[in-house]
There are 2 protein chains.
Amino acid sequence: MADEDDAGGEGSVTGLPASLEMAWGLRERPGKGPRPTLTLPRIVETAVTLAAGEGMDAVSMGRVAKELGVSTMSLYRYVTAKEELYILMSDAGVGAPPALPPEAEGWGWRELVTQWAYAQRAVLMANSWILRIPITGAPVSPNQLAWMERGLAALAGTGLTEGEKISTIILIGGLVRNEATMAADMMDAIVKSGVSPDQVMGQYVRTLRLMTGPDTHPAVTRLLESDAFTGSDEPDFQFGFGLGRILDGLAALVEGRQAVQDGAEA
Amino acid sequence: MADEDDAGGEGSVTGLPASLEMAWGLRERPGKGPRPTLTLPRIVETAVTLAAGEGMDAVSMGRVAKELGVSTMSLYRYVTAKEELYILMSDAGVGAPPALPPEAEGWGWRELVTQWAYAQRAVLMANSWILRIPITGAPVSPNQLAWMERGLAALAGTGLTEGEKISTIILIGGLVRNEATMAADMMDAIVKSGVSPDQVMGQYVRTLRLMTGPDTHPAVTRLLESDAFTGSDEPDFQFGFGLGRILDGLAALVEGRQAVQDGAEA
DNA sequence: CTAGTTCTGTGTATTACTTACACAGAAGAG
DNA sequence: CTCTTCTGTGTAAGTAATACACAGAACTAG
């Protein structure tokens with residue numbers, strides 16, 4: 001009586017949309033009808049190029065189709081909805097995680113996780129259009145899962161439970177995305193207004209000063225009086241600080257358990 | 001030569017849109033023209049009710065206007081763009097931070113920050129439509145700033161620099177939002193598919209199993225073989241774990257400096 | 001009191017976007 | 001050779017944001 005949550009269409013075993021099964025390399029092209037003019041990768045690549053060049057706002061089904069020289073509706077032979085295209089674009093945009101450097105052989109979990117976080121951040125900041133695609137659900141695409149694999153692998157030596165590991169990955173992944181999004185928002189504001197980063201921050205501080213005061217907002221006032229908003233390396237500081245705290249907290253947990261275990265063994 | 005980033009319209013000193021200056025209580029109603037039929041609070045309240053009842057997708061300018069019994073365009077007399085309405089809705093949705101309980105008098109920073117984070121989370125989960133409004137820029141509305149004030153105040157006793165404090169607030173605020181969003185996404189999936197939370201998780205695990213394996217995804221495989229995805233208190237665990245790690249990391253920093261200072265004084 | 005100013009609500013129209021649907025024709029299967 | 005299946009496409013429906021100009025309301029200066 002359950003109404004058949006058949007999101008995967010006909011030949012689906014995974015429950016995923018056909019386009020995603022395609023991305024995973026499952027599902028052959030049926031030899032029947034006319035040769036397709038397009039391929040899913042070509043559509044995605046076109047959409048990605050458009051997003052990189054003109055921003056996510058430029059990515060509409062009609063525009064992508066025009067770029068490919070086909071009609072809008074033809075895209076719906078490859079993708080059942082625009083959101084599906086978004087997922088494929090995200091996956092292509094993040095790409096596969098880069099190979100670890102040779103010296104990573106001797107790294108501990110902290111170095112591995114740090115590298116993972118910075119690598120992810122670099123990708124998102126180099127392709128900031130990805131950040132304009134809202135996250136809809138749990139990761140199911142190949143590259144997203146490859147990054148997840150890498151993150152979990154980095155935590156292998158920690159002795160954390162699996163639940164703690166995935167929580168950590170989500171925690172740090174969220175940090176990376178949040179901070180990259182803030183940086184991208186700021187970049188947008190700079191481009192849109194045509195002024196320097198310092199001027200954007202200055203305007204914000206000036207605005208806040210007008211609305212806050214020592215009586216109503218003592219802590220904010222202290223913040224505004226400090227030099228916290230001067231210096232354009234602020235996004236980097238914020239990210240490094242956040243990651244540092246998380247890793248410190250993780251280290252405390254890991255080392256604490258290590259000590260307990262060592263004590264029990266002795 | 002700077003092209004007058006005059007986002008605030010005529011009488012603006014703050015640089016904010018008129019509707020936001022209204023929300024701050026600046027700017028009087030000009031006594032000239034006909035009496036307005038609407039008020040900004042009434043518009044926002046209507047939009048919020050709509051969002052709470054039917055979700056953010058139901059909130060369009062046309063629909064809000066219909067709900068109020070006016071024409072679509074009349075709303076543009078109060079708000080210059082839909083995004084402005086969104087900001088006001090968010091502000092109304094989060095509301096003012098609740099009063100601290102009396103026993104908070106004796107609390108340390110950790111309790112204060114914990115309370116702050118959980119309170120914010122509760123508000124977001126009770127009004128999850130807020131999570132569907134993308135964040136566009138730095139907070140400028142009254143309640144958003146009140147929450148920020150509270151967060152910064154909670155860190156007053158830590159000895160952190162102002163830059164570290166705001167980084168911490170952003171870090172934890174991001175965690176709260178991320179985790180609440182994931183919980184809301186899951187809730188949506190449950191409602192949409194009509195099955196139980198466990199079944200949704202089960203379907204996800206089953207899907208991943210089909211696409212991963214010990215050779216390509218050893219760490220993910222270990223995760224899937226564990227019981228990390230069973231048990232529906234998982235969102236709560238994840239949030240608590242993340243917050244715990246961050247606070248532990250913060251404590252290490254704070255106490256480390258305390259120790260250094262004590263040493264210097266001795 | 002009157003004229004002028006300013007502001008309100010509204011109708012109309014433009015532009016853009018997603019997607020349902022049905023049809024013509026291509027390519028392989030039997 | 002016929003049938004099935006699949007492709008690209010045109011058309012059209014439905015929704016949405018918002019620019020623009022107009023009619024009329026309420027206040028203000030004289």
Side-chain angles (χ1 to χ4, degrees), chain A residues 7 9-12 17-19 21-22 27-40 42-43 46-47 50-51 54-89 132-134 136, chain B residues 7 9-12 17-19 21-22 27-40 42-43 46-47 50-51 54-89 132-134 136:
Chain A
E10 299 314 295
S12 170
S19 60
E21 292 195 345
M22 214 87 203
R27 192 172 280 227
E28 302 289 312
R29 187 178 95 70
K32 270 304 186 68
R35 295 275 165 65
T37 317
L38 303 170
T39 63
L40 209 36
R42 210 157 86 77
I43 294 172
T46 304
L50 197 51
E54 302 181 37
M56 247 328 197
D57 286 352
V59 178
S60 68
M61 299 303 271
R63 181 66 194 282
V64 173
K66 177 169 289 179
E67 221 69 26
L68 284 160
V70 298
S71 79
T72 304
M73 288 313 291
S74 64
L75 299 185
Y76 286 93
R77 292 285 170 203
Y78 299 83
V79 151
T80 60
K82 199 173 76 156
E83 197 177 273
E84 238 174 82
L85 178 57
Y86 281 171
I87 294 175
L88 296 169
M89 287 176 69
R132 305 306 177 196
I133 301 178
T136 55
Chain B
E10 299 312 296
S12 170
S19 61
E21 292 195 345
M22 214 87 203
R27 195 169 275 226
E28 302 290 310
R29 186 180 95 70
K32 272 304 187 64
R35 295 275 165 65
T37 315
L38 305 170
T39 63
L40 210 36
R42 210 157 86 78
I43 294 172
T46 304
L50 197 51
E54 301 180 38
M56 249 323 194
D57 285 352
V59 178
S60 66
M61 298 302 271
R63 181 67 195 283
V64 173
K66 177 168 290 178
E67 222 69 26
L68 284 160
V70 298
S71 78
T72 304
M73 289 311 292
S74 64
L75 299 186
Y76 286 94
R77 292 286 171 203
Y78 299 83
V79 151
T80 61
K82 198 173 74 154
E83 197 177 90
E84 237 174 82
L85 178 57
Y86 281 172
I87 294 176
L88 297 169
M89 288 176 67
R132 304 307 176 195
I133 300 178
T136 56

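Proteins get letters first, then strands, A, B, ... in listed order; numbering begins at 1 in each.
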**Study point:** side-chain N/O A:Y78 vs D:dG8 OP1/OP2, d < 4.0 Å
**Key:** yes
Using atom [atom1] of [X] as one end and atom [atom2] of [N] as the other, report the distance to the nearest whole Å.
{"X": "A:Y86", "N": "C:dT18", "atom1": "OH", "atom2": "C1'", "value": "10 Å"}
{"X": "B:R63", "N": "D:dA17", "atom1": "CZ", "atom2": "P", "value": "12 Å"}
{"X": "B:K82", "N": "D:dA19", "atom1": "NZ", "atom2": "P", "value": "14 Å"}
{"X": "A:R42", "N": "D:dG8", "atom1": "CZ", "atom2": "C1'", "value": "14 Å"}
{"X": "A:L40", "N": "D:dT7", "atom1": "CG", "atom2": "P", "value": "12 Å"}
{"X": "A:L75", "N": "D:dG10", "atom1": "CG", "atom2": "P", "value": "13 Å"}
{"X": "A:M61", "N": "D:dT9", "atom1": "CE", "atom2": "P", "value": "14 Å"}
{"X": "B:L38", "N": "C:dT8", "atom1": "CG", "atom2": "C1'", "value": "10 Å"}

When we call it a touch if two heavy atoms are under 4.0 Å apart, what does [X] touch: a base, just sugar-phosphate, or nothing?
{"X": "A:M73", "answer": "base"}
{"X": "B:S71", "answer": "base"}
{"X": "A:T72", "answer": "base"}
{"X": "A:S60", "answer": "sugar-phosphate"}

**Study point:** A:M61 side chain near A:L85 side chain, heavy-atom distance below 4.5 Å
**Key:** yes
Exercise for review: Check step by step if side chain to side chain contact (heavy atoms under 4.5 Å, CB included) holds for A:L75 and A:L68.
Suggested key: CA-CA 10 Å; A:L75 299 185; A:L68 284 160; 4.0 Å; yes
Review point. For the side chain of A:Y78 and the backbone of A:L38, is there at least one donor-acceptor N/O pair under 3.5 Å apart?
Key: yes
Check your understanding: Looking at A:V64 and A:T46, what are the two nearest heavy atoms and their distance?
Key -> O-CG2, 4.2 Å
Exercise for review: For B:Y86, enumerate each residue passing the side chain to side chain donor-acceptor pair (under 3.5 Å) test, keeping only those at least two apart in sequence or located in another chain.
Suggested key: B:K82
Review point. Can you give one letter per nucleotide of nucleotides 22-30 of chain C, going 5' to 3': B for a protein heavy atom under 4.0 Å from the base, S for sugar-phosphate only, - for none?
Key: B--BBBSS-
Practice item. Any chance you could lay out the side chain to side chain contact (heavy atoms under 4.5 Å, CB included) test for B:V79 and B:L40, step after step, and finish with the verdict? Key: CA-CA 8 Å; B:V79 151; B:L40 210 36; 3.9 Å; yes
**Study point:** Derivation and outcome, side chain to side chain contact (heavy atoms under 4.5 Å, CB included), residues A:L88 and A:S19
**Key:** CA-CA 8 Å; A:L88 296 169; A:S19 60; 3.9 Å; yes
Check your understanding: Looking at the side chain of A:P30, which of D:dC6, C:dT19, C:dG9 is the nearest nucleotide?
Key -> D:dC6
Study note, to complete from the structure: Between its two end axes (five pairs each) the helix from C:dC1-D:dG30 to C:dG30-D:dC1 turns, nearest 10 degrees, through 0°
Practice item. Test B:M89 against B:V59 for side chain to side chain contact (heavy atoms under 4.5 Å, CB included), laying out the working first. Key: CA-CA 11 Å; B:M89 288 176 67; B:V59 178; 4.1 Å; yes
**Study point:** Nearest-0.5 Å distance that lies between atom CG in B:L50 and atom NZ in B:K66
**Key:** 11.5 Å
